[in-house]
Amino acid sequence: MIVAIDGPSGTGKSSTSKAVAAKLGLSYLDTGAQYRAITWWMITNGVDVDDADAVASAAGKPTIVSGTDPSHPTITVDGVDAAGPIRTQEVTSKVSAVSAVPEVRERITELQRSIAASAGQGIVVEGRDIGTTVLPDADLKIFLTASPEARAARRSGELKGADVHATREALIKRDAADSSRKTSPLAKADDAVEVDTTDLTLQQVIECVVTLVEEKRTAA
Ligand SMILES: Nc1ncnc2c1ncn2[C@@H]1O[C@H](COP(=O)(O)OP(=O)(O)O)[C@@H](O)[C@H]1O
Ligand SMILES: Nc1ccn([C@H]2C[C@H](O)[C@@H](COP(=O)(O)OP(=O)(O)O)O2)c(=O)n1
C-alpha cells in the first residue's frame, strides 16, 4: 500500500501522514525534510543557493538518510542529525530555490523511490510532487488544501507568537515559487482525492484518510 499525500505548507500533511502511518502499520517519509536537508548542507558548505549552477554541481555531494518509523522519523546529513537545523527560518526561506534545481530533484526523487520500494508493509509519502512525479502509481493519492488564513494561523501557533500576517505572506510566496517552478511543481494529480482541511480538526482529517486507505485495501 503506497499512499501519496501532497499539498501546500500548513495543510496538515506531516501530522496526518505520521498518524495514518502509525495507525495502519505503514512506514512514513517526509520528503520536505529531505529538500530542507540538502538546503541546509548547501548553506553550511558555502554554496550560494541563488546560483543554480553551483547548487546543481554540489547536488550529488551530501549523503541524506531518512528514518521511516512514523513514531520516530529521523534525518541525517553525512551522518549528522539534521532534524533541528532543517527547521530554521534561514532554511525555510532558501528551500524553494534549492528544490527548484533539476539536478537536486533528480537525486532526491531517486532516493524517495528507493525508500518507497523497500518499505515492506507499505508507506505514506508526503510532499509536493509525490502523486504527480515521484510515485505516479501510488495506490491512493490525497491532495490536502486549506485557506491561507488557516495555514498561517497553524504555522504561527507553532512558531510561538510569530506574526500571523508575516507568516501568511511568507507561505503564499513559498507556495507561488513551489507551484511555478519548471520541474515537478506543487500540483494535484488528476486522480488525487482533494480534502479541504480548513474547517476540519486534525482528528477528522486523519479519520478521513484512514477510511480512504481502508476502502482501497478492501477493493484490492
Ligand atoms: N486540521 C487541522 N486543524 C488544526 N490544526 C492542524 C490541522 N492539521 C494540522 N494542524 C496543525 O498545523 C500545523 C502544521 O501541520 P503540518 O502537519 O506540519 O502541515 P504540513 O506538513 O502540511 O506543512 C501543526 O502544528 C499541526 O498540528
Ligand atoms: N516533494 C517535495 C517536498 C518538498 N519540496 C520543497 C518545497 C517546500 O517549500 C520545501 C519544504 O517542504 P516542507 O514539506 O518541509 O514544508 P512545510 O513544512 O510544509 O512548510 O521543500 C519539494 O519541492 N518537493
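Both counts, for ligands and for their atoms, begin at 1 and track the order of listing. Model, not experiment: these values are computed from the prediction.
- For atom 21 (O) of ligand 2, the nearest non-hydrogen atom from the set L186, V125, V95 comes from V95.
- Contact atoms of ligand 2 toward K13: 19 (O) (distance under 4.0 Å to a heavy atom of the residue).
- Near S9, meaning under 4.0 Å from one of its heavy atoms, ligand 1 places the atoms 23 (O).
- Summary of contacts: the protein heavy atom closest to atom 21 (O) of ligand 1 is S14 N, 2.8 Å.
- Here the protein heavy atom with the shortest distance to atom 7 (C) of ligand 2 is D178 OD2, 3.3 Å.
- Atom CD of Q204 is surrounded by more than 12 heavy atoms from other residues, nucleotides or ligands within 6.0 Å.
- Heavy-atom proximity to G12, at under 4.0 Å, picks out these atoms of ligand 1: 8 (N), 9 (C), 15 (O), 16 (P), 17 (O), 19 (O), 20 (P), 22 (O).
- Taking only nitrogen or oxygen atoms, main chain and side chain alike, V205 does not reach within less than 3.5 Å of ligand 1.
- Taking each of R174, Q112, R105 in turn, the one with a heavy atom nearest to atom 24 (N) of ligand 2 proves to be R105.
- Residues T197 and R154 have side chains that bring a donor and an acceptor to within less than 3.5 angstrom of each other.
- Of all protein heavy atoms, the one lying nearest to atom 24 (C) of ligand 1 is E158 OE2, 3.0 Å.
- Both the backbone and the side chain of T11 come within 4.0 Å of ligand 1, judged by heavy-atom distances.
- The shortest heavy-atom distance from Q34 to ligand 2 is not under 4.0 Å.
- The side chain of R155, and not its backbone, has at least one atom closer than 4.0 Å to an atom of ligand 1 (non-hydrogen atoms only; side chain from C-beta on).
- Residue contacts with ligand 1 for P8 involve N, CA, C or O but no side-chain atom from C-beta outward (heavy atoms, distance under 4.0 Å).
- Annotation: atom 3 (C) of ligand 2 to nearest protein heavy atom, T31 OG1, 3.3 Å.
- For ligand 1, the polar-atom distance check finds an N/O of S15 within less than 3.5 Å of one of the ligand's N/O atoms.
- Of the candidates S9, A4, G32, the one placing a heavy atom closest to atom 13 (P) of ligand 2 is G32.
- At a heavy-atom distance under 4.0 Å, no atom of L144 approaches ligand 1.
- Counting only heavy atoms of the protein, atom 1 (N) of ligand 1 lies nearest to L200 O, 2.8 Å.
- Across Q204, R154, Q203, heavy-atom proximity to atom 2 (C) of ligand 1 is greatest for R154.
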